[in-house]
A.B. asks: 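Let me give you the structure first, and then I'll get to my questions.
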Amino acid sequence: KIIQARSDNDIDMRQKEVEENIPPIEFSEYKQFLKKALDAVNDPDDAPYIAAALSITASIWSNDVHLKGQSLVKVFTTEDLVIMLLAGAI
């Protein structure tokens, strides 16, 4: 396995691309969903992700098994997405 080091400039460019294409979700936008999210998860650290997804009607891509244990938001693992991609579903 070959690991290629990225230059600081390359990392800065990728971060800028992300920031330009994926707007941040402010706490004020998802705080109304936080209680519902906290009630739905076993790990309170997962609640902000659930609340943020609820606030923008989004799914989550994560391999965290705790996130799969709730039913408010659809959670896709990397394996799920690869299978869907190979099947032409996405």
Side-chain angles (χ1 to χ4, degrees):
K1 190 179 203 182
I2 298 174
I3 298 174
Q4 180 179 351
R6 300 264 184 209
S7 70
D8 287 343
N9 185 48
D10 190 41
I11 292 170
D12 290 343
M13 286 176 27
R14 298 298 163 249
Q15 180 175 350
K16 185 176 179 184
E17 286 176 358
V18 168
E19 291 170 352
E20 289 174 350
N21 293 294
I22 303 174
I25 302 171
E26 300 296 330
F27 177 70
S28 61
E29 296 176 51
Y30 73 88
K31 69 180 179 182
Q32 65 184 345
F33 298 98
L34 204 47
K35 170 80 169 91
K36 188 175 188 177
L38 280 165
D39 291 342
V41 295
N42 292 327
D43 182 351
D45 290 341
D46 292 339
Y49 301 102
I50 300 296
L54 286 169
S55 74
I56 61 170
T57 315
S59 300
I60 296 175
W61 172 9
S62 175
N63 291 320
D64 183 340
V65 295
H66 296 108
L67 285 173
K68 283 274 208 181
Q70 54 75 45
S71 61
L72 296 176
V73 174
K74 178 70 177 161
V75 177
F76 295 97
T77 64
T78 301
E79 181 180 1
D80 294 335
L81 294 174
V82 169
I83 290 169
M84 292 169 60
L85 183 63
L86 294 174
I90 55 173

A.B. asks: Between CG of Leu81 and CG of Asn63, what distance do you get to the nearest 0.5 Å?
C.D. replies: 9.0 Å
A.B. asks: Is the closest basic N to carboxylate O distance between Lys68 and Asp80 below 4.0 Å?
C.D. replies: yes
A.B. asks: Is it the case that atom OH in Tyr49 sees more than 12 heavy atoms from other parts of the structure closer than 6.0 Å?
C.D. replies: no
A.B. asks: Atom CD1 in Ile83, atom CZ in Phe76: separation rounded to 0.5 Å?
C.D. replies: 12.0 Å
A.B. asks: Kindly indicate, with the supporting measurements, whether the criterion salt bridge (charged side-chain N to carboxylate O under 4.0 Å, His left out) is fulfilled by Asp12 and Lys16.
C.D. replies: CA-CA 6 Å; Asp12 290 343; Lys16 185 176 179 184; over 6 Å; no
A.B. asks: State, to 0.1 Å, how close Ala40 and Leu72 come at their nearest heavy-atom pair, and which atoms those are.
C.D. replies: CB-CD1, 3.4 Å
A.B. asks: Can you name the closest pair of heavy atoms from Ser55 and Glu29 and give their distance?
C.D. replies: CB-O, 3.4 Å
A.B. asks: CD1/Ile50 to CG/Leu34 distance, rounded to the nearest 0.5 angstrom?
C.D. replies: 11.0 Å
A.B. asks: In the single-linkage hydrophobic clustering (I, L, V, M, F, W, Y; side-chain heavy atoms under 4.5 Å), do Tyr30 and Val73 co-cluster?
C.D. replies: no
A.B. asks: Which pair of heavy atoms, one from Ala47 and one from Ala37, lies closest together, and at what distance?
C.D. replies: O-CB, 3.4 Å
A.B. asks: Can you get from Trp61 to Ile90 by hopping between Ile, Leu, Val, Met, Phe, Trp and Tyr side chains that sit under 4.5 Å apart?
C.D. replies: yes
A.B. asks: Counting neighbours of CD on Glu79 that are heavy atoms of other residues, nucleotides or ligands and sit closer than 6.0 Å, is the number greater than 12?
C.D. replies: no
A.B. asks: Is a salt bridge present between Glu17 and Arg14, judged by a nitrogen-to-oxygen distance below 4.0 Å?
C.D. replies: yes
A.B. asks: Just checking Asn42: does its CG atom have more than 12 heavy atoms from other residues, nucleotides or ligands closer to it than 6.0 angstrom?
C.D. replies: no
A.B. asks: Mind checking whether Val82 and Met84 sit in one hydrophobic cluster, side chains of I, L, V, M, F, W, Y counted as touching below 4.5 Å?
C.D. replies: no
A.B. asks: Only one of Leu38, Val75, Leu67 passes side-chain contact (heavy atoms from CB on, under 4.5 Å) with Asp46; say which it is.
C.D. replies: Leu67
